[in-house]
There are 2 protein chains.
Amino acid sequence: MTGQVRTVDGRVAGRRGQATRQKLLDCLSEMLSSSPYRDVKVIDVARKAGTSPATFYQYFPDVEGAVLEVAEQMATEGGQLTQLLDGRSWVGKAGWQTAQELVDGFLEFWRKNDAILRVVDLGAAEGDKRFYKIRMKILNSVNNSLADAVAELQAKGRVDKDVNPAAVAGSLVAMLAAVASHQKGFQTWGVKQAELKPNLALLVHLGVTGKKPTK
Amino acid sequence: MTGQVRTVDGRVAGRRGQATRQKLLDCLSEMLSSSPYRDVKVIDVARKAGTSPATFYQYFPDVEGAVLEVAEQMATEGGQLTQLLDGRSWVGKAGWQTAQELVDGFLEFWRKNDAILRVVDLGAAEGDKRFYKIRMKILNSVNNSLADAVAELQAKGRVDKDVNPAAVAGSLVAMLAAVASHQKGFQTWGVKQAELKPNLALLVHLGVTGKKPTK
DNA sequence: CACTTGTCCTGTCATGCCGTCAGCTTACCG
DNA sequence: CGGTAAGCTGACGGCATGACAGGACAAGTG
């Protein structure tokens with residue numbers, strides 16, 4: 001799809017080059033987890049990777065460029081999130097389970113990639129289309145499936161006609177993403193991780209079906 | 001409460017000093033709106049304020065310190081958000097109106113302060129307790145009111161016992177904040193601002209009362 | 001083995017921002 | 001008018017940035 005990996009000055013990267021490139025990306029990922037985005041410097045990433053800043057600039061235009069790469073890789077993995085919803089039912093007990101598994105899978109994915117997702121969120125909120133597109137790529141799979149589910153229930157008359165499936169789905173997905181980003185924040189409100197999940201699932205179920213789940 | 005405003009080196013700031021200090025904060029605010037957080041430099045803020053970098057460092061330890069100040073000022077204004085919920089009813093048509101006005105007021109506040117709120121969100125997500133506290137200060141008022149409303153309905157038996165009021169309220173508030181941050185994103189999903197609001201209100205109403213609103 | 005080719009890395013350098021200090025200017029007060 | 005404290009800035013060492021040319025290295029060739 002993306003063709004060969006190329007250096008900034010146009011050379012094609014060989015085996016060794018790709019290895020160092022990936023090492024730089026991995027080290028960048030680690031840095032993002034351990035220090036504020038604003039303080040991540042090229043020189044630190046390079047040092048951590050046991051190489052020099054000049055090498056970094058051979059593969060990436062700047063820190064942001066490398067971050068986009070990390071984000072892209074994560075977004076590709078994130079495509080698996082569709083599986084949480086493909087072919088699931090929103091009716092009866094199965095519906096409750098669908099909601100629970102969606103919440104579970106979503107939070108888990110976010111927890112695993114929280115550092116890079118923070119930055120993607122920031123970039124998207126700042127209006128950067130590249131980050132925005134990546135955020136879409138991750139959320140779209142879940143969002144579309146949710147919107148379809150709402151639209152389907154709507155067609156059967158089980159959901160009010162004036163509900164906008166895309167708006168509801170988007171809001172629910174945004175909620176999941178936001179809660180995942182600030183999981184620690186809930187502890188201050190006296191809410192433990194284990195308690196949080198069923199309540200989130202409840203909200204998702206309510207939003208999609210308009211009704212309380214049968215457990 | 002906070003006593004006198006002091007410079008970094010301990011002098012008390014007079015009228016003139018406070019003016020330049022505030023001017024620096026205002027210019028910082030503008031910069032945050034127009035360029036990515038990562039690219040906001042002390043020298044740019046100082047230039048924009050018609051002063052020198054050295055002056056900046058007289059009032060703030062660094063960019064982050066100044067950002068915290070801006071955020072603090074905004075958080076104080078944000079206390080007004082409580083008014084959106086104080087003494088409101090969640091029953092019948094009034095309940096629907098309460099939900100609508102909450103969504104309206106919340107989105108408006110976020111739209112007005114989106115730049116600084118982005119940064120606060122980032123800081124909080126990165127685990128910085130100072131930003132985290134400010135985010136709390138803003139959200140707590142809304143969150144507590146919502147949680148109280150849920151708990152009250154729960155006491156009357158109108159909401160299931162296994163619902164955790166704080167978890168539900170927190171999730172709804174997080175949803176509002178996230179949607180507000182990414183309002184532009186919804187346009188890609190074909191959802192217009194005007195359509196978004198009632199659907200958000202619906203989700204809030206569903207979350208708080210467990211039932212569809214009577215319009 | 002010497003030679004060539006193309007990939008890969010780094011030393012070095014000009015540039016620009018950071019953060020501090022000493023010292024100058026301005027405002028206020030007796 | 002002189003003293004004192006507030007207010008501001010030029011200047012400087014330090015460090016990150018980003019570009020380049022050249023050296024190191026692996027692999028193939030005669």
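In what follows, every heavy atom counts, from backbone to side chain, and hydrogens, waters and symmetry copies are set aside. It should be emphasised that the depicted structure is a prediction, and the values quoted were computed from it without experimental measurement.
Counting to the nearest Å, the P atom of D:dG18 and the NZ atom of A:K41 are 10 Å from each other. Nucleotide C:dT26 holds its P atom 16 Å from the CZ atom of B:R11, rounded to whole Å. Atom CG of B:D44 is separated from atom C1' of C:dC18 by 13 Å (rounded to the nearest Å). Between B:K23 atom NZ and D:dG7 atom P there is a gap of 16 Å when expressed in whole angstrom units. For the pair B:D62 CG and C:dT20 C1', the interatomic distance rounds to 14 Å; values are reported in whole Å. Between B:D9 atom CG and D:dT9 atom C1' the separation is 14 Å, expressed in whole Å. To the nearest angstrom, P of C:dC18 lies 9 Å from CZ of B:F56. The CG-C1' distance, from B:L24 to C:dG19, rounds to 15 Å in whole Å.
Listed nucleotides: C:dC17, C:dC9, D:dA19. Nearest to the side chain of A:A54: D:dA19. Distance from the side chain of B:I43 is smallest to C:dC17 among C:dC17, C:dG19, D:dA6. With distances taken from any side-chain atom of B:R47 to the nucleotides D:dG18, C:dC17, C:dC9, the minimum falls on C:dC17.
For the salt bridge (charged side-chain N to carboxylate O under 4.0 Å, His left out) condition, the pairs that include at least one residue of residues 56-84 of chain A, sequence neighbours left out, are A:R21-A:E69, A:E64-A:R130, A:E72-A:K137.
The residue among B:Q58 and B:P61 whose nearest nucleotide of DNA chain C is located toward the 5' end is B:P61. Nearest-nucleotide assignment on DNA chain C puts the 5′-proximal partner with B:V42, out of B:V42 and B:R15.
Residue-level contact check: A:R16 touches the backbone only, with heavy atoms under 4.0 Å from sugar-phosphate atoms and none from bases.
An OP1 or OP2 oxygen of C:dG19 is reached within less than 4.0 angstrom by a side-chain nitrogen or oxygen of B:Y57. In terms of phosphate contacts, A:T20 brings no side-chain nitrogen or oxygen within less than 4.0 Å of OP1 or OP2 of C:dC8. Considering only side-chain N and O atoms, A:Y59 lies under 4.0 angstrom from the phosphate OP1 or OP2 of C:dC9. The phosphate of C:dT10 has OP1 or OP2 within less than 4.0 Å of a side-chain N or O from A:S52. Between D:dT9 and B:T51, a contact under 4.0 Å exists linking OP1 or OP2 to a side-chain N or O.
With values rounded to the nearest 0.5 angstrom, A:N143 atom CG is found 11.5 Å from A:T82 atom OG1.
No cation-pi contact links A:R118 to A:Y37, judged by a cut-off of 6.0 Å to the six-membered ring centre and 45° from its axis.
Contact annotation: the side chain of A:L139 approaches that of A:F106 to within less than 4.5 Å [non-hydrogen atoms, C-beta and beyond]. The side-chain heavy atoms of B:E101 and B:Q97, taken from C-beta on, include a pair separated by under 4.5 Å.
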